[in-house]
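What follows is a single structure, and I will ask about it in a moment.
We use all heavy atoms of the structure for the numbers below, so side chains are in, but hydrogens, waters and symmetry mates are not.
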Amino acid sequence: MNENKSKYIDELYSYIQARYLWQFFPREWDREANINGIISDIINILTDNPINFNDPIEKYFYAEAKVVAEELKEKFKWINELEKQEIIDILNKVKEKLIEVLIEESQNPELKKKSY
Amino acid sequence: MPFELLKCDQVIRERMRHCYVKAPNEDIHKYLPVANVATIPGSLSERGCSYCGAKLVIGGAIKDCIQMIHGPVGCAYNTWHTKRYISDNDDFELKHVCSTDMKESHIVFGGMPRLKKSIIEAFKEYPNIKRMIVYITCGSALIGDDIEAVAKEVEEELDDVDIFCVSCPGFAGVSQSLGHHEFNMEWMKHKVGTYEPEIWSEYTVNIIGEYNIQGDGFLMEDYMKRMGIQVIGHFTGNGSYDLLRAMHRAKLNVVICSRSAGYIANELKKRYGIPRLDIDSWGFNYIAEGIRKIGIFFGIEDRAEKLIQEEMEKWKPKLDWYRERLKGKKICIWTGGPRLWHWVKAFEDELGMKVVAMSCKFGHPDDFEKAISRGSTGTIYIDDGNELEFFEIIERVKPDLIYTGPRVGDLVKKLHISYLDGHGEHNGPYMGFEGFVNMARDMYNAIYSKLWKLAKIDIRKEDIYE
Amino acid sequence: MALSINKKKRAGIINPMYNCQPCGAQYACIGIKDCISLVHGGQGCCTFVRLLFAMHFKENFDIASSSLHEDAAVFGGMRRIEEGVETLVRRHPDLRLIPIITTCSTETIGDDIEGAIRDINKKFLKKEFPDREVILVPVHTPSYSGSHVKGYDTAITALLTKLAKKDKPNNKINIITGWVNPGDVNEIKHILKELDVEAIILMDMEDFDAPIMPDKSSLASGNTTIEDIRDTANSIATIALSRYEGANGAYYLEDNFGVPAVVCNTPIGIKNTDLFIKTISRITNKPIPESLVRERGKAIDAMVDLAHMFFADKRVAIYGNPDLVIGLAQFCLECELQPVLLLFGDDDRSYIQDPRLKEIEKEATDFDIEIVWNADLWELEKRIKDGLKLDLILGHSKGRYISIDYNIPMVRVGFPSFDRAGLWRHPVIGYNGAIWLAETIANTIFEDMEKKKDREWILNVW
């Protein structure tokens, strides 16, 4: 599985970047919250971990995550073959890449504005 | 070189950073066009003004209030009869606009008494309407008229009237965009939370950034209704002034146009903890996904799936018919901003078409992050495209169809290219399942029009009908 | 009978009838070849007027904006003018004329347009394009004064002031059309051809009707050239067809170049067209051909079929540009339509002092006429709401909901006519214009009769 790992990371990252909107909220703190919250829920869903919502925002993360998880399983059949830890590793790497491209290295000057 | 200086821009080299051609293995953190910066004078840009962003785009769609433009008559005149946002209030918002008709004496001596008089007159002429939006314009802004002070005076003198003031003159910002921002932020600051709605469902949403153009909003409202979800504020399509003051009571904000109204969704999250859910509302896959997410959020996924299934059964066969005939056709999208990234994958994945060039009038960098992420390689992405650039792009990409405004459409027809109204739609609605079939139908009828074959023929040549 | 003149009592406008000055200036300038105006102000002043023109003509016209942004509003917009001119001149090699049209913002901040032009001529144009002729024309059109009517007039005078130049006599007449449609321009050209008269037409809009060509070569544009405008100083006379849109240009040519100015009644209707033709004939000494007599006869014939049968006693409201309204009122009186309500949309007092109104009052023997000035469309709507009975509305498309919601047949005339197809192709001027008006009004009334089942069987045989 190891040699495919970086291919899997790239595939999932590319798919997520091109498909969804939650990672593109206009300020970096919102992007970070969404990416962290949603990827975390995706991992839990894909690894059959229970999820608790404490507030509407967490319910929202779950709603986004559930759809993503279902679509990933549908599109990338190899997910079903992976061990739980591999799923966690891969998705964490995807999260890192999202944060890198969409926040840390983003050329969007509006990300850092203090107000909306 | 990912950024390209078009031939017609040799003398305005700064345009290079606004024009990006996507190559494989390039990502948006490496290359992102400059956007939302000052317009180059004399470039024949497509941009409008900030006042328009506030009034024409957002405020003007509200169906039950008086639109009072504080300035010379032109601002009101030019933003009247230029939209197709309907309502269930007999389209009142389409039929009426008021102006304070500022004259030279008001510019010299101040226009506030004139504004006050006009406001009171208007409330008298429309006795059943107790709500008004007052907009500042270039003229009234430059002389420093304080429209809020006047509004307050009138509110104190007249019973039960509520007035909203937007101070965003045409010269503010660089395009329509600052007007959107101003309207959103001011509405949030002054109006949200000042009205309590009647709640009849435990599932409540605001639909944000949707303007009910040709009934798009009616479709969205219908989907919500069928799931038992109550729409509190529809910002601002078929929008009601008072219900928009009640947006704080919704449990979820469904955002369609994040450019024009993402701001208020952000503020509602910040102040009231209401989550912001951005959806794409054009294209079957997208709208199904959006409906599904709303369903999951409220724990009513079964209702969401039922709705999706009903709609798919009804409309998919028709879409498939068009898909067969639209496959491989090339499109340009030259609109305001978000439709670039809303539409590109819907057209490419669901209809097999190719979006070969995209240009926006007032997009921000995040619109380009989304558009480039979703768009294909080889596609051209342009910020604030101007007329000579359009000609050059057309020469290069040879599109079969262009989504743009009616005026640019009137230009490209001379080049034997069909256009579809990317702002106000051709034969809409275009949102949702039914709407996407309408889009496909319009695209099919536009591209396959026999007139293009006839247009090519030069009757002076021999054998023209061989 | 009685003619009453009332000014709108309200201070504010509800549902505006007229646009502001910069729109009028832009309309005048799109009639010129190799010309791109620079509208000096916010982007909306340019972009929305371009949209309005496209709605009316289904064509794109190039007009540029100086894109005034906040910094310019504070520090002045002169730099924006310079950049605008530089960008236009560098990117459009065929461009020869740039009218710089001001707006309320730039008039309020007091930008010195003439100064900017001098500067640009001296520095940029002289240095970078010494062998190229690019003419910059200041056009002062603040939107807080007058309306699109005045803006058109101002632009015409500004262009003549800048360009008209004495040279050898050209044996032509100048025709200043006023705010008309390409169909009217074609009709004027037709009349001139019948009279064998050569003319310089300001503005020649014939090619606004741009075809789709096999080689994709055609775009809508004006036909009047800089040379044409220059040469107006050398003509036999200037006939202005509009008192409020361009007559001042005729006076300018008279005062400065001795070209006699004749301000005609706008040639709408039989008599006004007669006067127009006789004026041309008198000035040029060309005889009036039988062809025009026959054309006149055809128009009268068409009107005779309709007048006492269908038009008599029909009450009409007319709104739009002032010369158009007055001309249409005169036409109505010729074929028994009753122009009971005329509306002018700005506060120019000279409209209500127009000598033609006295003639109209005399001709209207059986009914009262109310004239409302400084009016908006609410003045029309309110009167209808309050019981005014109308059988027909003649006006532009921004009043369409009055027709739709109150079920009153309406013939779109004037500008803009965006909710019908191709109206700009047709004249309201001349004998052919009279035919078009009469038959379009008749057909509109007929459709209304059928829709309302109001004696529609009468049309079986008439």
TODO: Determine whether the side chains of B:Ser45 and C:Gln43 contain a donor N or O and an acceptor N or O closer than 3.5 Å.
DONE: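 Their side chains do not contain a donor-acceptor pair, so the 3.5 Å distance test is not met.
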
Task: Atom group of C:Ser65 that falls short of 4.5 Å from chain B, counting heavy atoms - done: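 The backbone, not the side chain.
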
TODO: Check each atom of C:Pro211 against the heavy atoms of chain B and say whether the ones under 4.5 Å are side chain, backbone, both or neither.
DONE: backbone

TODO: Please flag which part of C:Ala72 lies under 4.5 Å from any non-hydrogen atom of chain B: side chain, backbone, both or neither.
DONE: neither

Open item on the list: Quick check on C:Phe418 against chain B: is it the side chain, the backbone, both or neither that has a heavy atom closer than 4.5 Å?
Closed with: side chain

Open item on the list: My understanding is that only one of B:Arg407, B:Lys414, B:Lys413 makes a side-chain hydrogen bond (donor to acceptor under 3.5 Å, both in side chains) with C:Asn60; could you say which?
Closed with: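 For C:Asn60, the side-chain hydrogen bond (donor to acceptor under 3.5 Å, both in side chains) test succeeds with only one of B:Arg407, B:Lys414, B:Lys413, which is B:Arg407.
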
Open item on the list: Is C:Asp405 close to chain B through its backbone or its side chain, or both, or neither, when contacts mean heavy atoms under 4.5 Å?
Closed with: side chain

Open item on the list: Can you tell me which portion of C:Asp419 sits under 4.5 Å from chain B's heavy atoms? Options are side chain, backbone, both or neither.
Closed with: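 The answer is neither part of C:Asp419.
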
Open item on the list: Does anything in residues 66-85 of chain B form a salt bridge (charged side-chain N to carboxylate O under 4.0 Å, His left out)? List the pairs, not counting sequence neighbours.
Closed with: none

- [ ] Go through the atoms of C:Leu38 and report whether side chain, backbone, both or neither lie under 4.5 Å from a heavy atom of chain B.
- [x]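 Interface part for C:Leu38: side chain.
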
Open item on the list: I'd like to know whether the aromatic ring centres of C:Tyr401 and B:His96 sit less than 6.0 Å apart in this structure.
Closed with: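 For C:Tyr401 and B:His96, the ring centres are not under 6.0 Å apart.
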
TODO: Residue by residue, scan residues 377-385 of chain C and write down, ordered by number, those that have a heavy-atom distance under 4.5 Å to chain B; if none do, write 'none'.
DONE: C:Leu377, C:Trp378, C:Glu381, C:Lys382

Open item on the list: Using 0.5 Å steps for rounding, measure from the OH atom of B:Tyr51 to the SG atom of C:Cys45.
Closed with: 11.0 Å

- [ ] Below 4.5 Å from any heavy atom of chain B, which atoms of C:Ser397 appear? Answer side chain, backbone, both or neither.
- [x] backbone

Open item on the list: At a 4.5 Å cut-off on heavy atoms, which part of C:Met17 comes close to chain B: side chain, backbone, both, or neither?
Closed with: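 Only the backbone of C:Met17 comes within 4.5 Å of chain B.
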
